[in-house]
Every structure is written in C-alpha cells, then in structure tokens.
Amino acid sequence: MTDTQRQSGGAAAEGTDTLSRLEQEGEIAADYLEGLLDIADLDGDIDMDVEADRAAVSIVSDSTSRDLQKLVGRDGEVLEALQELTRLAVHRETGDRSRLMLDIGGFRARKREELAVLGAKAAEEAKGSGEPVKLNPMTPFERKVVHDAVAAAGLRSESEGEEPERRVVVLPV
C-alpha cells in the first residue's frame, strides 16, 4: 500500500468517524429534546441531519397550534437558550464541545432566508455607496448567515463590538 492509498483511506475513515460522531450528537440531542417536550407536554417530532459539518436537529409539528412558538420565544431567545442546553447535554454525554444547530418550527430556516436577503442588500448598498454598512446587533447565528451572504455577493464583512451589541459591518470593495 502506498502512502497516498493510506492517506486516502485514513481520510475516508476520518470522514466516517466525523459523520458517526455528528449522528451520535444528533441522537443524544433528540433524546434530550424529547424529554423536554414530554415534561412541557408539547407535541413535536424530532428530525436529525448533518449539515455543514455540524449536527442539525429540528423540532417540527403537524399541528397548527402555537405550542412550538413557546419554545422559540421572542426573536428566538428561548430557542437560543434551548440550543445551549442541548449542546450542554451532548457535551455531558460525549465530553466534546458540540456545534449542534437547533431549529424549532422552521424558525431558523425562515430567519436564514431573511438574513441572506439582508446581507445581499447590505452588500449592494456598500458597493453603490463605497461606504461601510453597519447592521443592527445580531446573534452569532445571524451574523454567520449575513457574512455568508456578503461573501456570496463578492464583498468582505467583519463583526465588531461586544456581545450582545456585536454587529456585522459590510466593507466596500
């Protein structure tokens, strides 16, 4: 076996290890969240996936009730807290820090779409004016989505300030 064959086999094994580790994170998170749903007496199904090298867990419901909205809270505040608690539950089981993403009732998916549009508009504004464009303070998740949208538009952006006032600044060419 050549070094190249060993390396490619090692990379494949590493990719499989990463995938199984992320799937394990998703399973631990799903069990934890199912327990929370039972305690809160809320209906919801748990979907698990792996997206962009992180476990992604979603709580979805067939009902049109606003039960899941309680788990999202105002501007996603409760969702952020539940995500951190879920990450801690995964950390407790695995000993590894988790970058798991939690979505409830499609809140993050909708928010991601809105933020991508905001990032693209800010990039256009910076291109047109030649001036940096400062956006309102955002959560780390929101900033990441905006940074990705700005990069897709061909510009650079950076974050400035301290939490909770940290914001994205879109830089002109």
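Only a predicted model underlies this, so the values are computations on that prediction, with no experimental measurement involved.
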L19 to V50 - nearest heavy-atom pair and separation: CD1-CG2, 3.9 Å
Reported CD-to-CG distance for the pair E23 and D49, which is rounded to 0.5 angstrom: 9.5 Å
Separation between CG of D75 and OG1 of T139, rounded to the nearest 0.5 Å: 10.0 Å
Nearest 0.5 Å please: distance from the CE atom of M48 over to the CD atom of E27. 5.0 Å
Mark yes when over 12 heavy atoms from residues, nucleotides or ligands other than D41 sit less than 6.0 Å from its CG; otherwise mark no. no
Given 3.5 Å as the limit, does a donor-acceptor pair link the side chain of S58 with the main chain of V60, or not? no
Assigning hydrophobic clusters by single linkage (Ile, Leu, Val, Met, Phe, Trp, Tyr; side-chain heavy-atom cutoff under 4.5 Å), is V173 placed with V169? no
Quick check: closest heavy atoms across A120 and A149, and the distance to 0.1 Å? N-CB, 4.2 Å
If you compare all heavy atoms of G105 against all heavy atoms of R110, which two are closest, and at what distance to 0.1 Å? O-NH1, 2.9 Å
In Å and rounded to the nearest 0.5 Å, what is the CG to CZ distance from D53 to R99? 7.0 Å
Among E25, H91, E93, Q83, whose side-chain hydrogen bond (donor to acceptor under 3.5 Å, both in side chains) with S98 holds? E25
Taking the side chain from K127 and the backbone from A153, do they hold a donor-acceptor pair closer than 3.5 Å? yes
Before you tell me yes or no, could you show the steps for R108 and E142 under salt bridge (charged side-chain N to carboxylate O under 4.0 Å, His left out), namely the whole-Å CA-CA distance, both residues' side-chain angles and the distance that decides it to 0.1 Å? CA-CA 9 Å; R108 278 202 201 272; E142 293 168 335; over 6 Å; no
Rounded to the nearest 0.5 Å, the OG atom of S157 sits from the NZ atom of K134 at a distance of 14.0 Å
Among V78, I59, L82, I104, which one satisfies side-chain contact (heavy atoms from CB on, under 4.5 Å) with V72? I104
What are the two closest heavy atoms between A29 and L100, and how far apart are they? CB-CD1, 3.4 Å
CZ (R54) with more than 12 external heavy atoms under 6.0 Å: yes
Connected via hydrophobic side-chain network under 4.5 Å: M101 and I46: no
Verify the cluster assignment for V170 and L115: are they in a single hydrophobic cluster under the rule of side-chain heavy atoms below 4.5 Å apart? yes
Indicate yes or no for a side-chain donor-acceptor contact from R143 to the backbone of M138 under 3.5 Å, with no hydrogens or angles considered. yes
Mark yes when over 12 heavy atoms from residues, nucleotides or ligands other than E162 sit less than 6.0 Å from its CD; otherwise mark no. no
Ion pair present between R21 and D17, side-chain N to carboxylate O less than 4.0 angstrom? no
On a heavy-atom basis, which atom in A126 and which in L155 lie closest, and how many Å separate them? CB-CD1, 4.0 Å
Short N-O contact, E84 and R87, less than 4.0 angstrom: yes
D43 CG: over 12 foreign heavy atoms closer than 6.0 Å: no
Cluster question for you: counting only ILVMFWY and a side-chain heavy-atom cut-off of under 4.5 Å, with indirect links fine, are L85 and L68 together? yes
So, does D103 use its side chain to make a donor-acceptor pair with the main chain of F107 at under 3.5 Å? yes
Locate the shortest heavy-atom distance separating P172 from G130; write the atom from each residue and the value. CG-O, 3.2 Å
Linked, directly or transitively: I39 and Y32 (ILVMFWY side chains, under 4.5 Å): no
